[in-house]
4 protein chains.
Amino acid sequence: MNTDSFSAQQRHNRGSNRRAHMRETLLQSAKSMFAERGYHDTSIAEITTRADMGVGTFYLYFKDKEEIFETIIVEGIEHIKTLVQEEVASAPEHKFETFFRSILKFAYSDRELFRIALTGEGQKQIAVRAYGSVNDGIIELLNDAVERGYLGNEYPLELLAHFLTGMLNQTVIYWFMFDEPKSDAMADYFIAFLKNGVPSALFDV
Amino acid sequence: MNTDSFSAQQRHNRGSNRRAHMRETLLQSAKSMFAERGYHDTSIAEITTRADMGVGTFYLYFKDKEEIFETIIVEGIEHIKTLVQEEVASAPEHKFETFFRSILKFAYSDRELFRIALTGEGQKQIAVRAYGSVNDGIIELLNDAVERGYLGNEYPLELLAHFLTGMLNQTVIYWFMFDEPKSDAMADYFIAFLKNGVPSALFDV
Amino acid sequence: MNTDSFSAQQRHNRGSNRRAHMRETLLQSAKSMFAERGYHDTSIAEITTRADMGVGTFYLYFKDKEEIFETIIVEGIEHIKTLVQEEVASAPEHKFETFFRSILKFAYSDRELFRIALTGEGQKQIAVRAYGSVNDGIIELLNDAVERGYLGNEYPLELLAHFLTGMLNQTVIYWFMFDEPKSDAMADYFIAFLKNGVPSALFDV
Amino acid sequence: MNTDSFSAQQRHNRGSNRRAHMRETLLQSAKSMFAERGYHDTSIAEITTRADMGVGTFYLYFKDKEEIFETIIVEGIEHIKTLVQEEVASAPEHKFETFFRSILKFAYSDRELFRIALTGEGQKQIAVRAYGSVNDGIIELLNDAVERGYLGNEYPLELLAHFLTGMLNQTVIYWFMFDEPKSDAMADYFIAFLKNGVPSALFDV
DNA sequence: AATGAATGAGTGTTCATTCAT
DNA sequence: CATGAATGAACACTCATTCAT
């Protein structure tokens, strides 16, 4: 490799890194703006100002406002999914419990993402897709349990998955208001609830 | 009372009724528009056109777009709350179970309301407030149970309430996609889940 | 007719007149702007400012920029067409000559219109349509002449019409630069040229 | 001349040729884009992409979009002018007729150029200047004829020139719509019209 | 009270032009 | 010289809100 081609390579890498960096900066800027003010009350100009760029630059990286919104959600979910899958894979004996503990952990650390998905509206379907993704993960888990004989037909799986998704969802909303309990303690309560339901005495009330 | 003041009264009543009727028409129109197209994609002009009124008339009844949105949610929730409280009051032996059966029943019959609250882009946390209301109802119930000794300190009440709210919430979302099971059967599953949680075998997966 | 319905009628007329007046003001404003600066260099804001209205008002009367441009051309041509037809009809013995004298007269008095059509571009086809209209008028005249035996097949009519249209067209361009000769004297030269062509001696040069 | 300066010269020539070639490529690219899509709907990026260059390169050869447009017209006209002058010079007995036959021939073969001039939205009167050039050629011819006593003062020369320019102009427009008659046959009609004008019988219509 | 014409601030998006590499 | 990423002015168009009638 001669100096010329090396420097060419180097320049290309620098350009490539720069490009990735610009894109990431825009994503971060948009993410925080969307979280603070919501999708409709955030303008492209505000996103680029916070990213310290010119307005036009935005359109070098994203087709339109919708696309950056979708990207934030989709990539965010994808990222969490990967992390959760890794943790689940590393605990093959307790996949079910690990799944919920793991998802709560990462949801807590990326609460902003969920706030956006929940309040973002954006093309309506995107938030739905986000939750769909969580739901699908749960269904997969339940199916696996059924196949391996750990679960009967007590409930339609779809429905059970939705109950669990709803609990996760609302837990994040809870965190919008209160910071405690943090994800570990929260997961304990969550799991306890899953195991026992509500105290049966309540049904005498 | 002389004729004059009588007719004035009468006129006043007529005016008053008329006023209430106009307001109601606007609320219905806005509710259906918001449900169909979402908050941001609905214009005041569309609301008044569907209500068969002039645009200006809107502002005689509501301060702005925000206010009618809030009114729809708040009054809708208030209405359901009243209905639920009546049913709960008529079943003093099974208040807890009745509460959930009742809320699922009315939520199912007024799914439009929840769709608006959910897709309305949490305009200034209104949707949150809506769920807050459901949550408050649950907390009240749980407090009552604690006071009467039916419930210990297994979970922080706030948290338990959120789990339950989340389940209710997601159940409505489930109904956006599937129409079955309807509210009665749904309530059976819901209650069963509350009583038993998930099959404990799942924790061996 | 009672006073009430009379005043209603009156109000409606006033509104109707007002509407027509607003529209006309916008058309005049746009026409002069387009003539001065061309289609692309004229903004809606400039049009409405000159018309002493708010920007939004523009869209109460025209769908978009393209539409007002088209309207100016089409209505302008239509208007001139009517005037020319009236003059031609009033001189049944000299329709051919009258047509050109008349069109030159009105083109001179509405030079702005032609400048717009010539420099406006706008959806390319519009200017073409404008000239098409002039051309069609000529063709009609020539066809009539053929049917009545005054014209043989010396030239393809289409072609002859285009020669004449081209002369008219360029005459208006001439007027963009020089104000003289005015339409009457110009028409004399025009007609003389039509009658005699160029001095045949030129073909010996 | 030492080797150094030789190679410098060589390098300069190579550079010079290269420079001319780049410029020409850009002109061709812009010309075809303008012809296809019009001045305003063509972006610099599209011009350079078609020329297989970077956007920035454009500005090494032309000050701005306006300048390349003007260059296309001016150089195009200049080129045709040269060709016409050559043909005219080679037919000293029939300069007048040859001029028109020649200009029609080259206009037909370079219709793209005229389409651009005509639809380019008279950017700063460039199209006018283009026609001015044609007009000037005609005037020169007529002046020559006057000086040599072949032409009297039947018409103001300027005016006569405009009539002829207008006919040429419209002939090209005719060719935008119909491909026939081609330039030779067209020239026959054109000359015939110049010689005879319209059949005088038309003035009885 | 009811109307709807008028308003203009606000926003997404484009594109000619610059300049660091 | 050549490049193309970055820029930001400019603009068409929307729509919540006002106000004269």
Side-chain angles (χ1 to χ4, degrees), chain A residues 7-8 10-12 14-15 18-19 22 40-49 51-66 68, chain B residues 14-15 18-19 22 40-49 51-68, chain C residues 7-8 10-12 14-15 18-19 22 40-49 51-66 68, chain D residues 11 15 18-19 22 40-49 51-68:
Chain A
S7 72
Q10 204 180 41
R11 213 177 319 118
H12 177 264
R14 223 188 304 139
R18 175 169 182 70
R19 184 166 175 80
M22 295 282 286
H40 277 100
D41 285 349
T42 297
S43 69
I44 302 294
E46 285 167 324
I47 294 173
T48 53
T49 298
D52 205 28
M53 298 176 191
V55 231
T57 310
F58 177 90
Y59 293 91
L60 255 35
Y61 295 89
F62 299 95
K63 186 165 67 59
D64 53 22
K65 196 180 173 184
E66 184 67 21
I68 199 173
Chain B
R14 224 192 302 134
R18 175 168 180 69
R19 185 164 174 82
M22 295 281 285
H40 276 99
D41 285 351
T42 296
S43 70
I44 302 293
E46 286 167 320
I47 293 172
T48 53
T49 298
D52 206 28
M53 298 176 193
V55 234
T57 311
F58 177 90
Y59 293 89
L60 296 175
Y61 294 90
F62 299 95
K63 184 165 70 61
D64 53 23
K65 196 180 172 183
E66 182 70 20
E67 192 181 88
I68 199 172
Chain C
S7 71
Q10 204 179 42
R11 212 176 320 117
H12 177 263
R14 224 187 303 136
R18 176 169 183 71
R19 184 164 175 81
M22 296 282 287
H40 277 100
D41 285 349
T42 297
S43 70
I44 301 294
E46 286 167 323
I47 294 172
T48 52
T49 298
D52 204 31
M53 298 177 191
V55 230
T57 310
F58 176 90
Y59 294 90
L60 257 32
Y61 295 89
F62 299 96
K63 185 165 69 60
D64 53 22
K65 197 181 173 182
E66 184 66 23
I68 199 173
Chain D
R11 221 181 308 119
R18 176 171 180 66
R19 186 167 172 80
M22 296 280 286
H40 276 100
D41 284 351
T42 297
S43 69
I44 303 293
E46 285 168 321
I47 293 172
T48 52
T49 297
D52 206 28
M53 298 176 192
V55 234
T57 311
F58 177 91
Y59 292 88
L60 297 174
Y61 295 89
F62 299 95
K63 184 164 70 61
D64 54 21
K65 196 180 173 184
E66 180 71 19
E67 191 182 90
I68 198 173

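We name chains A, B, ... by the order of the sequence lines, and we start the count at 1 in each one.
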> Which nucleotide sits closest to the side chain of A:S43: E:dT13, E:dT11, E:dT17?
Replying inline: E:dT11

>> Using every non-hydrogen atom in the two residues, find where D:K63 and D:E67 come nearest and quote the distance to one decimal.
In response: N-OE1, 3.0 Å

> Expressed in angstrom and rounded to an integer, what is the separation of B:I68 atom CD1 from F:dA16 atom P?
Replying inline: 12 Å

>> Is the shortest side-chain heavy-atom distance between A:T57 and A:T48 below 4.5 Å?
In response: no

>> Let's see if you can work this out: which of F:dA16, E:dT17, E:dT13 has an atom nearest to the side-chain heavy atoms of A:I44?
In response: E:dT13

> Pairing of DNA chain F as dot-bracket, 5' to 3': ( ) intra-strand, [ ] crossing, | other strand, . unpaired, with Watson-Crick or G-U pairs under 3.5 Å?
Replying inline: .||||||||||||||||||||

>> Going by side-chain hydrogen bond (donor to acceptor under 3.5 Å, both in side chains), name the residues that satisfy it together with D:S43, two or more places apart in sequence or in a different chain.
In response: D:E46

> Where do A:H40 and B:H40 come nearest, in terms of heavy atoms and distance?
Replying inline: ND1-ND1, 3.1 Å

> Roughly, in whole Å, what's the span from CD in C:E66 to P in F:dC11?
Replying inline: 17 Å

>> Without decimals, in angstroms, what is the distance between B:F62 CZ and F:dT17 P?
In response: 13 Å

> Can you check side chain to side chain contact (heavy atoms under 4.5 Å, CB included) on A:I44 and A:Y59, steps first, answer last?
Replying inline: CA-CA 10 Å; A:I44 302 294; A:Y59 293 91; 3.7 Å; yes

>> Considering every strand and a 4.0 Å limit on heavy-atom distances, what is the contact class for B:T42: base, sugar-phosphate, or nothing?
In response: sugar-phosphate

> Which residues pass the ring pair (Phe, Tyr, Trp, His ring centres under 6.0 Å) test with A:F62, sequence neighbours left out?
Replying inline: A:F58

> Can you check the A:Y59 OH to F:dA9 P distance for me, whole Å?
Replying inline: 16 Å

>> Rounded to whole Å, please give me the gap between CG in B:D41 and P in F:dA16.
In response: 10 Å

> Nearest nucleotide by nearest heavy atom, which residue falls closer to the 5' end of DNA chain E, D:A45 or A:K63?
Replying inline: A:K63

> When the distance from NZ of C:K65 to P of F:dC13 is rounded to whole Å, what number comes out?
Replying inline: 8 Å

> Which pair of heavy atoms, one from B:M22 and one from B:M53, lies closest together, and at what distance?
Replying inline: O-CE, 3.5 Å

>> Rounding to an integer number of Å, can you tell me how far B:H40 NE2 sits from F:dT14 P?
In response: 17 Å

What pairs of nitrogen or oxygen atoms, one from the protein and one from nucleotides 3-7 of chain F, lie under 3.5 Å apart?
unit_1, atom_1, unit_2, atom_2, d
F:dT3, OP2, D:G54, N, 3.2
F:dT3, OP2, D:T57, OG1, 2.6
F:dG4, N7, D:G56, N, 2.7
F:dA6, OP1, A:R18, NE, 3.2
F:dA6, OP1, A:Y61, OH, 3.4
F:dA6, OP2, A:Y61, OH, 2.3
F:dT7, OP2, A:G54, N, 3.0
F:dT7, OP2, A:T57, OG1, 2.4

